[in-house]
Colleague: 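Take a look at this one; I'll ask things after.
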Amino acid sequence: QVQLVESGGGLVQAGGSLRLSCAASGSSRSINTMGWYRQAPGKQRELVAAITSGGYSNYVDSVKGRFTISRDSAKNTVYLQMNSLEPEDTGVYYCNAQYTSYANRPREVWGPGTLVTVSS
């Protein structure tokens with residue numbers, strides 16, 4: 001079983017930067033796609049960015065050019081560098097990992113979330 005621990009959230013002014021980290025621990029055959037989702041107040045959770053084990057990444061249109069997702073496979077850690085933050089980026093950011101168990105079953109796990117608040 002895999003667990004996720006996020007860090008790096010906080011309060012920042014518009015135009016500022018934050019870097020989120022998410023470390024995976026536990027046992028699995030492989031950790032496949034890792035990603036970041038966010039949920040703004042009163043809105044549904046949405047995918048912000050994801051990266052595969054091969055390094056392919058994708059982003060929601062609203063963050064393209066401002067956010068960068070990266071991954072250190074040796075450390076089972078995924079990062080989200082967020083630049084030029086806007087008040088609309090405010091929300092709880094959740095790390096997600098899709099992995100294969102030792103029984104060769106596909107599994108998915110979520111982190112507890114970290115709050116990002118961007119003030120105008």
Side-chain angles (χ1 to χ4, degrees):
Q1 197 159 350
V2 172
Q3 298 83 38
L4 302 177
V5 176
E6 302 129 334
S7 61
L11 173 64
V12 64
Q13 287 189 331
S17 299
L18 283 174
R19 188 191 194 209
L20 306 183
S21 299
C22 171
S25 62
S27 59
S28 65
R29 186 174 297 278
S30 63
I31 296 178
N32 308 316
T33 299
M34 298 186 76
W36 289 96
Y37 289 70
R38 68 185 176 192
Q39 188 163 18
K43 295 188 177 181
Q44 288 189 329
R45 190 176 299 189
E46 65 171 350
L47 174 66
V48 176
I51 186 167
T52 67
S53 56
Y56 175 79
S57 59
N58 65 289
Y59 301 86
V60 67
D61 285 347
S62 61
V63 308
K64 287 180 179 178
R66 300 189 296 122
F67 290 12
T68 303
I69 190 169
S70 61
R71 179 171 178 169
D72 185 336
S73 294
K75 297 181 179 179
N76 285 331
T77 300
V78 65
Y79 306 95
L80 186 67
Q81 178 67 43
M82 305 186 293
N83 299 328
S84 302
L85 282 160
E86 303 169 353
E88 292 75 22
D89 296 316
T90 294
V92 179
Y93 283 68
Y94 297 92
C95 182
N96 173 276
Q98 298 172 19
Y99 67 97
T100 303
S101 71
Y102 278 114
N104 273 328
R105 300 278 179 92
R107 293 285 183 260
E108 183 178 47
V109 62
W110 292 88
T114 185
L115 178 62
V116 172
T117 304
V118 184
S119 64
S120 57

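All values reported here derive from a predicted model rather than from experimental measurement.
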Colleague: If you link I, L, V, M, F, W and Y whenever their side-chain heavy atoms are under 4.5 Å apart, who else ends up in the same group as Y56?
Modeller: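 ILVMFWY cluster around Y56 holds nothing else.
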Colleague: Which of these passes side chain to side chain contact (heavy atoms under 4.5 Å, CB included) with N58: L47, I51, T33?
Modeller: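 That would be L47.
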Colleague: Give the C-alpha distance, both sets of side-chain angles, the deciding distance and a yes or no for side chain to side chain donor-acceptor pair (under 3.5 Å) between Y99 and R107.
Modeller: CA-CA 5 Å; Y99 67 97; R107 293 285 183 260; 5.3 Å; no
Colleague: So, Y93 versus R38: side-chain donor-acceptor pair below 3.5 Å or not?
Modeller: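 Yes, R38 and Y93 have a side-chain donor paired with an acceptor closer than 3.5 Å.
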Colleague: Hydrogens and angles aside, do N32 and T52 bring a side-chain donor and acceptor to less than 3.5 Å of each other?
Modeller: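 Short answer, no.
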Colleague: Tell me whether S101 contacts the main-chain N or O of A103 through its side chain, where contact means a donor paired with an acceptor under 3.5 Å.
Modeller: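 Flag set: sc S101 to bb A103 pair under 3.5 Å.
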Colleague: Do Y37 and W110 have ring centroids that are under 6.0 Å from one another?
Modeller: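 Yes; Y37 has its ring centre under 6.0 Å from that of W110.
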Colleague: Taking the six-membered ring of Y94, is the NZ or CZ of R45 close enough (under 6.0 Å from the centre) and on axis enough (within 45°)?
Modeller: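 Yes, a cation-pi geometry holds between R45 and Y94.
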Colleague: Please indicate whether E86 has more than 12 foreign heavy atoms, meaning atoms of other residues, nucleotides or ligands, lying under 6.0 Å from its CD.
Modeller: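 More than 12 heavy atoms, drawn from other residues, nucleotides or ligands, come within 6.0 Å of this atom.
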Colleague: Could you tell me whether the side chain of Q39 and the main chain of V92 form a donor-acceptor pair under 3.5 Å?
Modeller: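 Not a single qualifying donor-acceptor pair exists.
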Colleague: When you measure from the side chain of T77 to the backbone N and O of K75, does any donor-acceptor pair fall under 3.5 Å?
Modeller: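 Confirmed, T77 side chain pairs with K75 backbone.
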Colleague: Hey, can you pull the donor-acceptor pairs under 3.5 Å for the side chains in residues 15-26, sequence neighbours left out?
Modeller:
residue	atom	partner	partner atom	Å
S17	OG	N83	OD1	2.9

